[in-house]
Amino acid sequence: MGKDVIIACDFAGKAQVIEFLEKFGDRKLFVKIGMELFYAEGPEIVREIKARGHKIFLDLKLHDIPNTVKKAMAVLSHLDVDITNLHAGGTKAMMEAALEGLTREDGTRPLLIAVTQLTSTNQERMEADLLIKEPIDKVVMHYAKNAAEAGLDGVVCSPLEAGKVHDLCGEKFLTITPGVRFADGDKGDQARVMTPAEAKKIGSDYIVVGRPITAAEDPVAAYDRCVAEFVD
Ligand code: C5P
């Protein structure tokens, strides 16, 4: 899989997501399904979107003991998603177990991506709540390295970190980057943002774009603009 734009389908239910996807006619998209939609609609929503020919990044961010994550990943692998993820904070043992669970009998598996530190966690919260005293950039890079050593395919990171992650973990280690906004667009609640063109320049492999597409007056035009800036 090469560079692509993943649309964050952060909708409350099936009706809204299907209505949104139908605006694109027969076009095949890469969509991110998160906890809200998955917990509301269950695995059926994944089957339904897959059956329409779209690729799926199932963003459930698993984090539990290795055995539980392994078994949960085995279930997810049968949903035939293209990418799924977990928290690197679950340790290398958990990530290795996850990969084992995700691998199907024929040896194929979805790509597995790690979340390092959430962008909602800042230095102050990490030190006070998690008792991690190292600089947050160092923690993010350490977690990325752990993910690479455990055999994962990449990390979710800010576009600003994508270059550094590639330097540390190799060019083939994927960087999936949210926090993308058009130069003339609304930043919303994202603090550190980049345009699709900048994300391309810095080496992001996939950009995850939600509201700049889903809340646009013309979502198809907004998606096409992302593709033109990032992929073409
Ligand atoms: O609407 P917006 O483009 O901000 O959506 C970005 C998507 O990426 C959302 O689904 C959000 O939960 C997700 N995300 C993020 N920042 C992270 C990890 C995931 O914005 N660090």
Side-chain angles (χ1 to χ4, degrees), residues 4-13 16-17 20-21 29-41 45-46 49 54-63 81-90 111-123 125-126 130 136-137 139-141 143-144 147 152-162 164-165 174-200 202 204-219 221-227 229-230:
D4 215 341
V5 174
I6 302 178
I7 306 175
C9 284
D10 295 321
F11 295 104
Q16 294 95 319
V17 72
F20 170 78
L21 292 173
L29 308 169
F30 207 138
V31 307
K32 180 170 90 71
I33 298 176
M35 290 184 198
E36 183 186 8
L37 190 57
F38 190 80
Y39 292 150
E41 300 290 349
I45 191 70
V46 175
I49 295 176
H54 303 299
K55 286 186 183 160
I56 295 177
F57 170 17
L58 188 58
D59 178 19
L60 298 181
K61 300 188 180 70
L62 274 66
H63 190 167
V81 297
D82 299 277
I83 304 179
T84 192
N85 63 358
L86 47 62
H87 274 282
L111 294 174
L112 184 59
I113 302 295
V115 172
T116 56
Q117 283 291 348
L118 291 169
T119 42
S120 50
T121 306
N122 60 21
Q123 186 73 36
R125 297 288 24 114
M126 207 180 62
L130 308 180
I136 193 159
D137 291 3
V139 175
V140 166
M141 291 305 147
Y143 283 21
L152 269 68
D153 303 293
V155 286
V156 179
C157 64
S158 131
L160 300 153
E161 294 159 350
K164 255 169 101 179
V165 169
L174 301 172
T175 52
I176 302 193
T177 62
V180 174
R181 292 293 180 266
F182 293 121
D184 52 1
D186 186 359
K187 275 169 58 169
D189 55 359
Q190 296 279 15
R192 299 189 305 151
V193 298
M194 252 191 201
T195 66
E198 287 166 338
K200 176 182 183 177
I202 211 158
S204 294
D205 295 290
Y206 296 89
I207 51 173
V208 175
V209 188
R211 288 159 293 177
I213 296 173
T214 56
E217 217 166 284
D218 184 346
Y223 173 73
D224 285 339
R225 183 176 170 192
C226 274
V227 172
E229 280 194 33
F230 183 70

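Predicted model only: the values in this text are computed from it and were never measured. Ligands are counted one by one from 1 in listed order, and the atoms in each one are counted from 1 as well.
- In this structure a side-chain-to-backbone donor-acceptor pair under 3.5 Å is missing from D4 to Y206.
- A tilted orientation is assigned to the rings of H87 and H63, their planes being inclined by 30° to 60°.
- Residues satisfying the ring-ring contact (aromatic ring centres under 6.0 Å, His included) test with H54, not counting sequence neighbours, are none.
- Annotation: the span from I113 atom CD1 to L174 atom CG amounts to 5.0 Å, rounded to 0.5 Å.
- Residues of the protein with a heavy atom under 4.0 Å from ligand 1 are A8, D10, K32, T119, P178, R181, Q190, V208, V209, G210, R211, P212, listed by chain and number.
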Could you go through residues 207-216 and list every donor-acceptor pair under 3.5 Å that involves a side-chain atom there, pairing it with any protein atom two or more places apart or in another chain?
unit_1 : atom_1 : unit_2 : atom_2 : d
R211   : NH1    : D189   : OD1    : 3.2
R211   : NH2    : D189   : OD1    : 2.7
T214   : OG1    : G210   : O      : 3.2

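- Applying the ring-ring contact (aromatic ring centres under 6.0 Å, His included) test to F230 and every residue at least two apart in sequence or in another chain returns nothing.
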